[in-house]
Amino acid sequence: MDIRLVNLTKVFADKDSEVRAVDKLDTVVPSGKLIGLLGPSGCGKSTTLYMIAGLLNPTEGQIFFGNAEVTQLPPEKRGIGLVFQNYALYPHMTVKQNILFPLQNLKVPKAEALQRAQKVADLVAIGSLMNRKPKQLSGGQQQRVAIARALVKNPDVLLLDEPLSNLDARLRLQTREEIKRIQRETGITTIFVTHDQEEAMSISDEIIVMKDGVA
């Protein structure tokens, strides 16, 4: 599924000031590709990602997934999987419970949910860790759990917000190769936000460069 952004703009304003975080962004993310959204801190890349996810409402513009406009849809109705920079795992839950959580909210039957959770855990190479809790995992393993939890819903779009920034150099290299492999195997349209040019070039099919809210 392709993603099309039309005149997408986000302005943060209060009574004393106004910040144009994203300014009239027009771009297309091709279906089935892994796209790097690259730029320095404060350039608007995460703001753009959160508008695509539905966590922020645009000030102006439109967002299309395929032929369907999703600009006003809530996140849960957009068919997205989102991985945050800090992983956002539930510390009191096991790996299995963390992955199952979105399916429980969707009322997926238990047997099907367990099957899907194991399948996606195997895909991201944590199938043997299902009974561990996040504190028992390395940073790279925690990141894989977060990706598995995003993928288990069978999303049309996968959104990754600086997913490797908390890892050491060795794990960054290893995990970005894993993300690339997972995206190839699933064929999900993926946007990968990063400030690291080498990282973007190594993992992406195409790169969108942002500066001062403009691509």
Side-chain angles (χ1 to χ4, degrees), residues 1-10 22-39 43-58 60-85 99 102-103 106 108 116 119-120 122-124 143-144 146-164 175-197 199-210 213-215:
M1 178 181 293
D2 65 339
I3 302 169
R4 186 159 47 97
L5 309 180
V6 180
N7 196 40
L8 195 65
T9 300
K10 182 63 179 178
V22 179
D23 191 13
K24 298 180 180 178
L25 179 59
D26 283 290
T27 193
V28 175
V29 175
S31 179
K33 298 294 186 181
L34 194 163
I35 301 301
L37 193 55
L38 172 67
C43 73
K45 57 189 186 295
S46 289
T47 300
T48 299
L49 193 81
Y50 293 155
M51 286 192 285
I52 294 170
L55 299 179
L56 287 175
N57 293 320
E60 299 175 28
Q62 296 170 290
I63 303 167
F64 293 87
F65 286 2
N67 293 323
E69 184 178 357
V70 300
T71 314
Q72 301 302 323
L73 285 182
E76 64 271 17
K77 294 189 177 180
R78 295 194 182 196
I80 62 154
L82 177 60
V83 178
F84 292 99
Q85 182 176 342
I99 297 173
L103 300 183
L106 294 170
V108 174
R116 284 168 60 174
K119 182 179 179 180
V120 77
D122 291 339
L123 174 69
V124 302
Q143 184 58 272
R144 293 183 191 200
I147 293 170
R149 187 177 60 188
L151 290 173
V152 79
K153 298 183 291 181
N154 296 328
D156 297 314
V157 174
L158 181 62
L159 305 172
L160 306 170
D161 185 23
E162 302 246 18
L164 308 181
T175 307
R176 76 189 187 195
E177 288 304 312
E178 281 297 296
I179 290 173
K180 193 172 182 177
R181 175 187 66 81
I182 292 162
Q183 195 277 331
R184 294 290 185 275
E185 291 189 18
T186 59
I188 296 173
T189 304
T190 301
I191 300 177
F192 179 98
V193 166
T194 181
H195 63 271
D196 187 318
Q197 182 176 338
E199 192 168 271
M201 292 179 68
S202 70
I203 200 172
S204 307
D205 296 312
E206 298 178 18
I207 298 173
I208 298 171
V209 179
M210 292 191 71
V214 177

Check whether any side-chain heavy atom of [X] lies under 4.5 Å from a side-chain heavy atom of [Y], and answer yes or no.
X	Y	result
N154	R116	yes
M51	T9	no
I182	T190	no
I63	L5	yes
F192	L164	yes

- Query: So, R4 side chain and E69 main chain: donor-acceptor pair closer than 3.5 Å or not?
  - Reply: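 No; judged by distance alone, with no hydrogens or angles, the pair does not exist.
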- Query: Between the main-chain N or O of G79 and the side-chain N or O of K153, is there a donor-acceptor pair closer than 3.5 Å?
  - Reply: no
[X] versus [Y], closest heavy-atom pair with distance:
X	Y	answer
I52	F65	O-CZ, 3.7 Å
T194	E199	OG1-OE2, 2.9 Å
D156	I188	O-CG2, 3.6 Å

- Task: List for me each residue that meets salt bridge (Lys or Arg N to Asp or Glu O under 4.0 Å) alongside R176, sequence neighbours excluded, and say none if there are none.
- Result: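 Salt bridge (Lys or Arg N to Asp or Glu O under 4.0 Å) check on R176 returns E198.
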- Task: Could you list the residues that satisfy salt bridge (Lys or Arg N to Asp or Glu O under 4.0 Å) with D196, not counting sequence neighbours?
- Result: R172
- Just wondering, are more than 12 heavy atoms of other shown residues or ligands nearer than 6.0 Å to CD in Q62? yes
- Greater than 12 external heavy atoms within 6.0 Å of Q72's CD: no
To the nearest 0.5 angstrom, please state how far the [atom1] atom of [X] sits from the [atom2] atom of [Y].
X	Y	atom1	atom2	answer
E162	K45	CD	NZ	5.0 Å
K24	L8	NZ	CG	12.5 Å
T189	Q183	OG1	CD	7.5 Å

Side chains of residues 26-37: which donor-acceptor partners sit under 3.5 Å, not counting sequence neighbours?
{"residue": "D26", "atom": "OD1", "partner": "N7", "partner atom": "N", "Å": "2.8"}
{"residue": "S31", "atom": "OG", "partner": "M1", "partner atom": "N", "Å": "2.6"}

- Item | Ion pair E177/K180, N-O distance below 4.0 Å | no
